[in-house]
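Reminder, nothing fancy here: chain letters follow the sequence lines and each chain counts from 1. All of these numbers come straight from a predicted model, not from anything done at the bench. Computation of the quantities below employed the complete heavy-atom set of this structure, encompassing side-chain atoms and omitting hydrogens, waters and symmetry-equivalent molecules.
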Amino acid sequence: MKFTLLINEGPYQHQASDTAYQFAKAALEKGHEIYRVFFYNDGVNNATRLAIPPQDDRNITENWAALGKEHELDMVVCIAAAQRRGMLDADEAGRQGKDADNIHPAFRISGLGQLVEGGIQADRLLTFGD
Amino acid sequence: MKFTLLINEGPYQHQASDTAYQFAKAALEKGHEIYRVFFYNDGVNNATRLAIPPQDDRNITENWAALGKEHELDMVVCIAAAQRRGMLDADEAGRQGKDADNIHPAFRISGLGQLVEGGIQADRLLTFGD
Amino acid sequence: MAMLHTVNKSPFERNSLNSCLTKSKEGSSILLIEDAVVGALKGTKVADDLTAAIANKNVYVLGSDLNTRGFTEADILDGIKTVDYAGFVDLVAEHSNVQSWL
Amino acid sequence: MAMLHTVNKSPFERNSLNSCLTKSKEGSSILLIEDAVVGALKGTKVADDLTAAIANKNVYVLGSDLNTRGFTEADILDGIKTVDYAGFVDLVAEHSNVQSWL
Amino acid sequence: MSESIKKFMFVNTKAPYGTVYALESLEVVLISAAFDQDVSLVFCDDGVFQISNNQNTEASGMKNFSNAYKALGDYDINKLYVEKESLEERGLTLDNIMDLTYEDEDWAEKPSIKLVTRAELADLMDEQDVVISS
Amino acid sequence: MSESIKKFMFVNTKAPYGTVYALESLEVVLISAAFDQDVSLVFCDDGVFQISNNQNTEASGMKNFSNAYKALGDYDINKLYVEKESLEERGLTLDNIMDLTYEDEDWAEKPSIKLVTRAELADLMDEQDVVISS
């Protein structure tokens with residue numbers, strides 16, 4: 001079965017991203033397909049490559065990145081939500097005249113249409129929020 | 001009277017930062033002093049200099065930065081909370097081997113002791129959260 | 001001097017107004033801000049709780065947050081006072097301490 | 001096929017479990033995750049609501065979130081089933097659709 | 001995958017402005033119009049405040065996005081369900097709710113808002129393919 | 001400013017793990033010990049779950065920080081108030097709560113946790129100089 005996951009909260013502040021990650025891992029282990037993981041609202045903050053969590057804690061972004069690499073997941077950050085919150089990739093930073101960027105290469109930036117399309121293509125769309 | 005403000009939520013997702021900003025402006029207009037504004041939990045995300053909110057919306061970070069400049073506010077971002085969430089200044093980025101930084105120059109990074117000290121020195125400590 | 005309590009969430013969504021009402025003392029003051037302002041409306045299922053609170057506490061609502069959500073002073077319970085941000089600042093200064101119910 | 005509903009917040013803090021219980025149909029399933037797992041405990045002030053729900057709906061709790069908060073299957077109401085993440089995945093696959101009550 | 005039309009329902013349960021969910025959910029709804037799906041919106045619990053009349057953000061500094069709901073009809077999104085019990089519990093009636101309309105194929109202006117009971121809402125939710133709540 | 005000691009109260013109202021507030025509030029509490037203030041903690045509403053026994057995060061992947069509460073006594077933070085009504089509403093007793101202690105000046109081990117009623121808690125909150133809630 002194909003799942004699209006929608007994540008609406010940032011890392012650490014809420015458990016939403018952790019729950020979605022554990023769900024994705026379990027679904028993949030059972031042979032299901034993750035069609036897309038879409039990061040919206042504060043969920044875009046999961047895509048930062050600049051986080052330095054304490055040594056004894058989980059690294060949420062790196063966990064997603066590793067899972068994404070292993071299973072070639074399509075992990076999409078909403079561009080509008082990301083711009084509001086200061087999440088940029090190098091292309092965006094260049095276009096917008098910003099002097100730095102912070103998005104991890106495991107994620108790609110795209111529009112909200114990717115969420116709707118994810119809902120159309122998948123058998124189930126699950127939301128993880130606050 | 002001296003106020004210390006504690007802001008626990010990021011920009012846009014929650015009204016907390018907006019409320020704190022309007023409160024700070026009103027307090028300063030009435031002749032009170034803002035001893036410190038301390039950004040904790042997701043509140044650290046208010047300090048990004050990379051946000052590009054829509055033209056017709058408020059720019060929360062720039063609002064704080066302008067108010068801070070006008071009144072020489074001490075705006076402190078908690079270092080531990082910031083590291084967890086990928087908020088870094090250039091010094092931190094250098095020390096941690098990160099290839100970019102994102103904190104607006106109007107804010108400074110420091111430890112949690114600054115919050116406790118802010119509670120000791122101010123006449124009132126107000127929390128703005130979720 | 002009595003304490004000022006602030007509540008920022010709708011009592012229809014969260015329990016924080018109830019926590020505040022049951023853990024604040026007579027003579028203290030309660031200021032509803034952000035989404036909590038909808039708790040001040042007339043005829044709601046929490047109106048009785050608010051009316052009981054007004055009997056021995058001072059209840060305020062932040063007018064700008066009320067207007068933002070489409071309501072005015074005419075829509076709120078009798079006995080609840082409306083303040084602006086300057087009034088919010090005065091309330092904090094006039095009370096012995098402030099507690100945010102989150 | 002019936003729907004699966006997920007609830008992730010404590011019923012002592014928020015209204016979302018109540019919204020779910022009153023807006024879900026007989027024969028549907030409800031999975032409590034994250035902080036909502038504490039709603040499954042025995043002897044709480046929402047135990048009657050949950051017991052009523054069990055009569056005509058399937059109620060599940062995510063075991064890892066229950067353990068994380070210090071509780072086990074022995075602590076929850078009779079009739080509520082515990083699942084792990086693999087069971088969560090199965091529930092989603094077996095139901096016609098899933099709705100998150102946020 | 002089948003190319004058939006799916007039933008998308010956006011369930012709005014939170015008050016506007018205190019959190020961003022109302023605004024950012026509306027942004028998804030507007031985008032969804034481009035995909036020719038069967039889109040409906042629900043306003044229940046505190047979500048009914050999202051479409052309350054006379055929202056005025058002048059003194060709060062928040063961005064007033066309430067006018068965007070009026071554009072939904074132009075995007076052929078005209079199934080807006082408001083839960084009756086949610087209004088009642090909040091002391092509200094349809095008079096407090098914006099008069100949202102659309103033009104039908106004969107250019108006649110029709111109301112987009114349908115008042116539904118909690119039980120009717122449960123039935124509506126049950127028949128969706130995708131439910132996105134916030 | 002006066003150099004007198006202030007009464008700091010940290011009020012914990014939320015369950016742990018679902019949100020970060022419990023963990024990051026505890027980090028402030030531990031730092032506050034260095035400032036020689038009069039520090040107390042309250043666990044009420046869902047905050048009582050923060051100090052429940054036997055927290056086991058193995059299967060959830062969350063960071064288990066419950067042991068850090070046991071260190072509070074070593075930092076001379078030994079006024080931990082648990083609201084009686086909050087326990088009762090959740091079907092809990094003190095048996096569900098961690099056995100947190102400190103050593104007094106004679107090295108005797110004493111309980112840090114004091115069960116208080118809602119009314120007693122209101123009195124305690126009323127006499128604080130700084131209240132930080134989450």
Kindly indicate whether the side chain of [X], heavy atoms from C-beta on, has any atom under 4.5 Å from the side chain of [Y].
X: B/Leu6; Y: B/Leu126; answer: no
X: C/Leu50; Y: C/Val59; answer: yes
X: C/Ile54; Y: C/Ile80; answer: yes

Taking side chain as everything from C-beta outward and backbone as N, CA, C, O, which of these in C/Ile33 sits under 4.5 Å from a heavy atom of chain B? Side chain, backbone, both or neither.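 Just its side chain gets close to chain B.
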Between these two chains, chain B and chain C, I want each donor-acceptor atom pair under 3.5 angstrom written on its own line with its distance.
{"from": "B/Gln15", "atom 1": "OE1", "to": "C/Arg69", "atom 2": "NH2", "distance (Å)": "2.7"}
{"from": "B/Gln15", "atom 1": "NE2", "to": "C/Asp65", "atom 2": "OD1", "distance (Å)": "2.8"}
{"from": "B/Thr19", "atom 1": "OG1", "to": "C/Glu34", "atom 2": "OE2", "distance (Å)": "2.5"}
{"from": "B/Lys30", "atom 1": "NZ", "to": "C/Asp90", "atom 2": "OD1", "distance (Å)": "3.2"}
{"from": "B/Lys30", "atom 1": "NZ", "to": "C/Asp90", "atom 2": "OD2", "distance (Å)": "3.4"}
{"from": "B/Arg124", "atom 1": "NE", "to": "C/Val92", "atom 2": "O", "distance (Å)": "3.0"}
{"from": "B/Arg124", "atom 1": "NE", "to": "C/His95", "atom 2": "O", "distance (Å)": "3.0"}
{"from": "B/Arg124", "atom 1": "NH2", "to": "C/Ala93", "atom 2": "O", "distance (Å)": "3.2"}
{"from": "B/Arg124", "atom 1": "NH2", "to": "C/His95", "atom 2": "O", "distance (Å)": "2.5"}
{"from": "B/Thr127", "atom 1": "O", "to": "C/Ser100", "atom 2": "OG", "distance (Å)": "2.7"}
{"from": "B/Gly129", "atom 1": "O", "to": "C/Asn8", "atom 2": "ND2", "distance (Å)": "2.9"}
{"from": "B/Asp130", "atom 1": "OD1", "to": "C/Lys9", "atom 2": "NZ", "distance (Å)": "2.7"}
{"from": "B/Asp130", "atom 1": "OD1", "to": "C/Arg14", "atom 2": "NH2", "distance (Å)": "3.3"}
{"from": "B/Asp130", "atom 1": "OD2", "to": "C/Arg14", "atom 2": "NH2", "distance (Å)": "3.3"}

CG of B/Leu112 to CD1 of B/Ile79: how many Å apart, nearest 0.5 Å?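 These two atoms lie 10.0 Å from each other.
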From B/Leu5, B/Leu115, B/Val76, residue fulfilling side-chain contact (heavy atoms from CB on, under 4.5 Å) relative to B/Arg36: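 Option passing the side-chain contact (heavy atoms from CB on, under 4.5 Å) with B/Arg36: B/Val76.
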Criterion side-chain hydrogen bond (donor to acceptor under 3.5 Å, both in side chains) against B/Arg49, the qualifying member of B/Asn102, B/Thr61, B/Asp101: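 Between B/Arg49 and the candidates, side-chain hydrogen bond (donor to acceptor under 3.5 Å, both in side chains) is satisfied uniquely by B/Asp101.
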